[in-house]
2 protein chains.
Amino acid sequence: MAEPSPKHDVFQAIADPTRRRLLRLLDDQEMPVTVISGHFPMTRTAVSKHLRILADAGLVKEKKVGRETRYRLDPEPLLELKRWLAYYERYWENKLGALKRYVESEADS
Amino acid sequence: MAEPSPKHDVFQAIADPTRRRLLRLLDDQEMPVTVISGHFPMTRTAVSKHLRILADAGLVKEKKVGRETRYRLDPEPLLELKRWLAYYERYWENKLGALKRYVESEADS
DNA sequence: TTGACGCGAAACCATTTGGTTTCGTATAAT
DNA sequence: ATTATACGAAACCAAATGGTTTCGCGTCAA
């Protein structure tokens, strides 16, 4: 279970819209870099750097096949985001605000 | 319903760990800036700028009371994050990976 | 074996980010 | 009326970010 030295965390990784598009794209299929970068209005190198950031965050896995590197989505790290978000779940659980008002009244006492 | 010109979006807002801590802190209680900044190892001005970014993203509301500005959490914009995340929900819906393997086998055909 | 292809590394650049200190101003307290 | 408090604005700075072009290297094709 050795932590893979998360130089980039999930929150930071998904902050960029290009990287979110990458995740969506790679959700459908595994793809080599050149094909991937064909979907974006920037150089292959730029896309490659985004892919590296996603890989650092564990959101994407790379597989070398011949001279190409294929990437595919690994959604697992999104669970951390899900857990983080779950904390606020209570806010929109019961008609978005009932519990909120309750908590606020608790804070007064 | 005029969009308040979202200079900062939710994804970017929660990318910073300090801002995530701010959200947690303000979830409990409404607080003035000086009190808030007492919880962080940086200047009041720095915290104030983080609060502005959160406010831009709509994650926090400010209320002027006398000479102080009180902030409180507004979790509503987190729904966008929730919706974005919901797209990947199918991955861990059924034992985390069953569907994933299915999709991958689809890609082969 | 000689190219062409697929890719990352490196160097570079402009802009953004996260922080600081200093200052101005509005409000509250004495 | 004067002083202290609460805060934002502004100017500034170092580092990170998102992008580029150039180069080198491994791999497949002629």
Side-chain angles (χ1 to χ4, degrees), chain A residues 4-26 29-74 77, chain B residues 4-26 29-73 77 107:
Chain A
S5 73
K7 206 181 66 189
H8 288 103
D9 61 276
V10 188
F11 293 94
Q12 194 188 343
I14 66 162
D16 187 271
T18 298
R19 288 195 288 269
R20 290 197 297 276
R21 284 189 51 202
L22 277 168
L23 293 182
R24 283 299 173 91
L25 185 63
L26 296 174
Q29 335 168 14
E30 175 172 286
M31 284 166 52
V33 177
T34 305
V35 175
I36 296 173
S37 69
H39 294 254
F40 294 86
M42 64 187 73
T43 59
R44 173 185 52 79
T45 309
V47 172
S48 202
K49 290 210 276 187
H50 280 301
L51 287 169
R52 174 135 314 283
I53 290 172
L54 289 174
D56 281 351
L59 284 163
V60 120
K61 297 300 180 200
E62 34 182 317
K63 184 211 300 182
K64 291 281 199 76
V65 176
R67 61 183 161 185
E68 59 187 22
T69 311
R70 298 194 190 149
Y71 286 89
R72 68 176 210 280
L73 173 73
D74 182 356
Chain B
S5 72
K7 206 181 65 187
H8 289 104
D9 62 276
V10 188
F11 293 95
Q12 194 189 339
I14 66 162
D16 186 271
T18 299
R19 289 195 286 270
R20 290 197 297 274
R21 284 189 51 203
L22 276 168
L23 293 181
R24 284 298 172 91
L25 185 63
L26 296 174
Q29 335 168 15
E30 176 173 284
M31 285 166 51
V33 177
T34 304
V35 175
I36 296 173
S37 71
H39 293 256
F40 294 85
M42 63 187 73
T43 61
R44 173 186 52 79
T45 309
V47 172
S48 201
K49 290 209 277 188
H50 280 301
L51 287 169
R52 173 135 314 283
I53 290 171
L54 290 174
D56 281 351
L59 283 163
V60 121
K61 297 300 180 201
E62 35 181 318
K63 184 212 299 182
K64 291 281 199 77
V65 177
R67 61 182 162 186
E68 60 187 23
T69 310
R70 299 194 190 148
Y71 285 89
R72 68 175 209 282
L73 174 73

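Chain letters run A, B, ... following the sequence lines, proteins first and then strands; every chain starts at 1.
In this structure, B:Ala46 and B:Met42 approach most closely via the heavy-atom pair CB-SD, 3.7 Å. Closest approach of A:Phe40 and A:Ile36 over heavy atoms only: CD1-O, 3.3 Å. Between A:Tyr71 and A:Leu26 the shortest heavy-atom distance is O-CD2, 3.6 Å. The shortest heavy-atom contact between A:Arg19 and A:Gln12 is NH2-O, 3.3 Å. The heavy-atom pair separating A:Ala57 from A:Pro77 by the smallest distance is O-CG, 3.5 Å. Among all heavy-atom pairs drawn from B:Ala15 and B:Arg20, the shortest one is O-NH1, 3.1 Å.
With rounding to whole Å, B:Glu62 atom CD is found 11 Å from D:dC7 atom P. Residue A:Leu54 contributes atom CG, which lies 11 Å from atom P of D:dG18 at whole-angstrom precision. Rounded to an integer number of Å, the gap from A:Ile53 CD1 to D:dA16 P is 13 Å. Between the C1' atom of D:dA9 and the CG atom of B:Leu51 lies a distance of 16 Å, rounded to the nearest Å. Straight-line distance from the NE2 atom of B:His8 to the P atom of D:dT17: 15 Å, rounded to whole Å.
Dashed line: the shortest gap from a side-chain N or O of A:His50 to OP1 or OP2 of D:dT17 is not under 4.0 Å.
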Give the C-alpha distance, both sets of side-chain angles, the deciding distance and a yes or no for side chain to side chain contact (heavy atoms under 4.5 Å, CB included) between A:Arg72 and A:Arg70. CA-CA 7 Å; A:Arg72 68 176 210 280; A:Arg70 298 194 190 149; over 6 Å; no
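If you check distances only, the side chain of A:Lys49 never reaches the base of D:dG18 with a donor-acceptor pair under 3.5 Å.
Considering A:Asp16, A:Thr45, A:Val60 as possible partners of A:His50, the one that fulfils the side-chain contact (heavy atoms from CB on, under 4.5 Å) test is A:Asp16.
Residue B:Thr69 is classed as a sugar-phosphate contact, given heavy-atom separations below 4.0 Å to backbone atoms only. Note on A:Tyr71: only backbone sugar-phosphate atoms sit closer than 4.0 angstrom, heavy atoms only; bases stay farther off.
Within residues 13-24 of chain B, no residue is approached by DNA chain D to less than 4.0 Å at the level of any non-hydrogen atom.
Taking a heavy-atom distance under 4.0 Å as the criterion, the stretch of DNA chain C touched by chain A extends 5' to 3' from C:dA4 to C:dA10.
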Review item, nucleotides 24-30 of chain D N/O atoms under 3.5 Å of protein N/O:
| from | atom 1 | to | atom 2 | distance (Å) |
| --- | --- | --- | --- | --- |
| D:dT27 | O2 | A:Arg67 | NH1 | 3.4 |

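Summary of the strand contacts: B:Thr45 and B:Pro32 both lie near DNA chain D, and taking for each the nucleotide with the nearest heavy atom, the more 5' one is attributed to B:Pro32.
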